[in-house]
Amino acid sequence: MYRPTFVEIYKKKSVEQYSPVPYLATLMNCLVWVLYGLPMVKPDSVLVYTINGTGVVIELVYISLFLIYSEKKPKLRLKIILVLIFEFIFIAALSTIVLTVAHGHARRIMIVGIVALLFNIMMYAAPLSVMKLVIQSKSVEYMPFFLSFASFGNGVAWTIYGFLPFDPYIAGPNGAGTLLSIVQLIMYGIFYKNTQRILAERAKEVSLSEVTTGNNHQSYANGPGGV
């Protein structure tokens with residue numbers, strides 16, 4: 001049974017081998033799309049900046065949890081903080097340049113649209129950052145299923161939105177993102193059974209280890225002179 005990544009992290013009190021890349025990429029993507037949807041850039045795009053604004057809040061919560069439970073990995077925590085600093089500096093610089101140097105909606109839409117397009121594709125490709133681990137271990141344990149499934153649904157929805165009316169900056173990257181999400185879901189189909197087998201074997205090993213440890217303690221207590 002699949003559980004959301006952060007349910008797993010919270011239960012285990014550790015990020016283990018989960019990657020923060022998809023969440024950092026999604027945060028950057030949402031920040032750029034909030035800028036794109038603002039009336040000063042592209043008028044009448046309320047859904048774009050409200051939905052992505054909500055996305056910013058959600059990703060910040062996710063990343064905060066990631067920071068909390070990565071205390072045993074100080075280097076990883078430092079990298080996350082540095083990436084966050086870079087992302088906020090980048091969006092501040094982009095906003096300043098677009099709103100002060102670029103004049104007219106058409107030019108602003110083009111500049112922010114191109115940047116948003118690039119980050120959108122990066123967001124959809126981010127879960128593939130663990131592909132090497134998946135192939136080496138033949139397991140999708142640390143490749144979040146719900147993230148890939150949500151990316152697929154998100155891609156389909158925004159691709160349709162991008163054609164009503166046609167907006168190449170929305171339809172293009174989300175169409176490509178839908179295909180990338182399908183690749184990720186196919187990977188789940190390929191390695192699902194093997195992942196279940198690996199998890200079952202690990203559970204047996206843990207159970208056997210606990211039984212052995214318990215027997216050793218009992219033998220020690222009932223040693224020479226014991227009852």
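All figures in this text were calculated on a predicted structure; none of them were measured in a lab.
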(Q) Less than 4.5 Å apart, side chain to side chain, heavy atoms only: is that true for Leu185 and Phe145? (A) yes
Q: Would you sort out whether Lys193 and Arg197 count as a side-chain contact (heavy atoms from CB on, under 4.5 Å), showing the intermediate values?
A: CA-CA 6 Å; Lys193 288 185 178 179; Arg197 180 183 61 79; over 6 Å; no
Q | Single hit among Ile51, Val57, Ile58 for side-chain contact (heavy atoms from CB on, under 4.5 Å) with Thr54 | A | Ile58
Q | In one Ile/Leu/Val/Met/Phe/Trp/Tyr side-chain cluster, 4.5 Å: Phe88, Val115 | A | yes
(Q) Looking at every non-hydrogen atom in both residues, tell me the closest pair between Ser139 and Ile198 and how far apart they are. (A) CB-CD1, 3.9 Å
Q. Would you say Lys75 and Leu78 make side-chain contact, with heavy atoms under 4.5 Å?
A. no
Q) Do the rings of Phe152 and Phe149 sit parallel, tilted or perpendicular, given the 30° and 60° boundaries? A) tilted
Q. What closest approach, in Å, do Pro168 and Pro173 show between heavy atoms, and which atom pair accounts for it?
A. O-CD, 3.6 Å
(Q) To the closest 0.5 Å, what do you measure between CG (Asn29) and CD (Glu59)? (A) 9.5 Å
**Q.** Thr195 side-chain N/O to Val140 backbone N/O, donor-acceptor pair under 3.5 Å
**A.** yes
Q. Within the side chain of Asn52, is there an N or O that forms a donor-acceptor pair under 3.5 Å with the backbone of Trp33?
A. no
Q. Counting only heavy atoms not in Phe191, do more than 12 fall under 6.0 Å of its CZ?
A. yes
Q: Please indicate whether Lys73 has more than 12 foreign heavy atoms, meaning atoms of other residues, nucleotides or ligands, lying under 6.0 Å from its NZ.
A: yes
(Q) According to side chain to side chain contact (heavy atoms under 4.5 Å, CB included), who are the partners of Ile80, at least two apart in sequence or on a separate chain? (A) Pro20, Leu24, Ile63, Phe66, Leu67, Leu76, Leu84
Q: Assess whether side-chain contact (heavy atoms from CB on, under 4.5 Å) is satisfied between Met110 and Tyr169, documenting all intermediate values.
A: CA-CA 8 Å; Met110 181 185 69; Tyr169 300 115; 3.6 Å; yes
Q.
If you take the centroid of each ring, where Trp contributes its six-membered ring, are Phe119 and Phe90 closer together than 6.0 Å?
A. yes
Q | Distance, nearest 0.5 Å, that separates OH of Tyr36 from CD1 of Ile114 | A | 10.5 Å
Q: Working to the nearest 0.5 Å, report the span between CG of Leu65 and CG of Leu60.
A: 11.0 Å
What pairs of donor and acceptor atoms, side-chain ones from residues 37-48 against any protein atom, are under 3.5 angstrom apart with sequence neighbours left out?
unit_1: Lys42; atom_1: NZ; unit_2: Asp167; atom_2: OD2; d: 2.3
unit_1: Ser45; atom_1: OG; unit_2: Lys42; atom_2: O; d: 3.3
unit_1: Ser45; atom_1: OG; unit_2: Pro43; atom_2: O; d: 3.4

Q.
More than 12 heavy atoms of other residues, nucleotides or ligands under 6.0 Å from NZ of Lys13: yes or no?
A. yes
Q) What's the shortest heavy-atom distance between Ala171 and Phe166, and which atoms? A) CB-CE1, 4.1 Å
Q) How many angstroms lie between atom CD1 of Ile89 and atom CG of Leu94, to the nearest 0.5 angstrom? A) 13.5 Å
**Q.** Hydrophobic cluster membership, Ile160 vs Ile182, 4.5 Å side-chain cutoff
**A.** yes
Q) Near Arg107 CZ, under 6.0 Å, is it more than 12 heavy atoms from other residues, nucleotides or ligands? A) no
Q. Atom CG of Leu27 and atom CE of Met123: how far apart are they, to the nearest 0.5 Å?
A. 11.5 Å
(Q) I'd like to know if the side chain of Arg108 and the backbone of His103 have a donor-acceptor N/O pair within less than 3.5 Å. (A) no
Q.
Between Asn154 and Tyr124, is there a side-chain donor-acceptor contact under 3.5 Å, judged purely by atom types and distance?
A. yes
Q) Between the main-chain N or O of Asn174 and the side-chain N or O of Thr159, is there a donor-acceptor pair closer than 3.5 Å? A) yes
Q. Hey, quick one: are Val134 and Ile190 part of the same hydrophobic cluster, counting side-chain heavy atoms closer than 4.5 Å, chains of contacts allowed?
A. yes
Q. Looking at SG of Cys30 and CD of Glu87, how far apart are the two atoms once the value is rounded to the nearest 0.5 Å?
A. 10.5 Å
Q: Kindly give the heavy-atom pair with the smallest separation between Gly53 and Val34, and that separation in Å.
A: N-CG2, 3.5 Å
Q: State plainly whether one hydrophobic cluster holds both Val83 and Ile81, where clusters connect Ile, Leu, Val, Met, Phe, Trp and Tyr through side-chain heavy atoms under 4.5 angstrom apart.
A: yes
Q: Following the transitive rule for hydrophobic clusters with a side-chain heavy-atom cut-off under 4.5 Å over Ile, Leu, Val, Met, Phe, Trp and Tyr, establish whether Leu31 and Ile85 coincide in one cluster.
A: yes
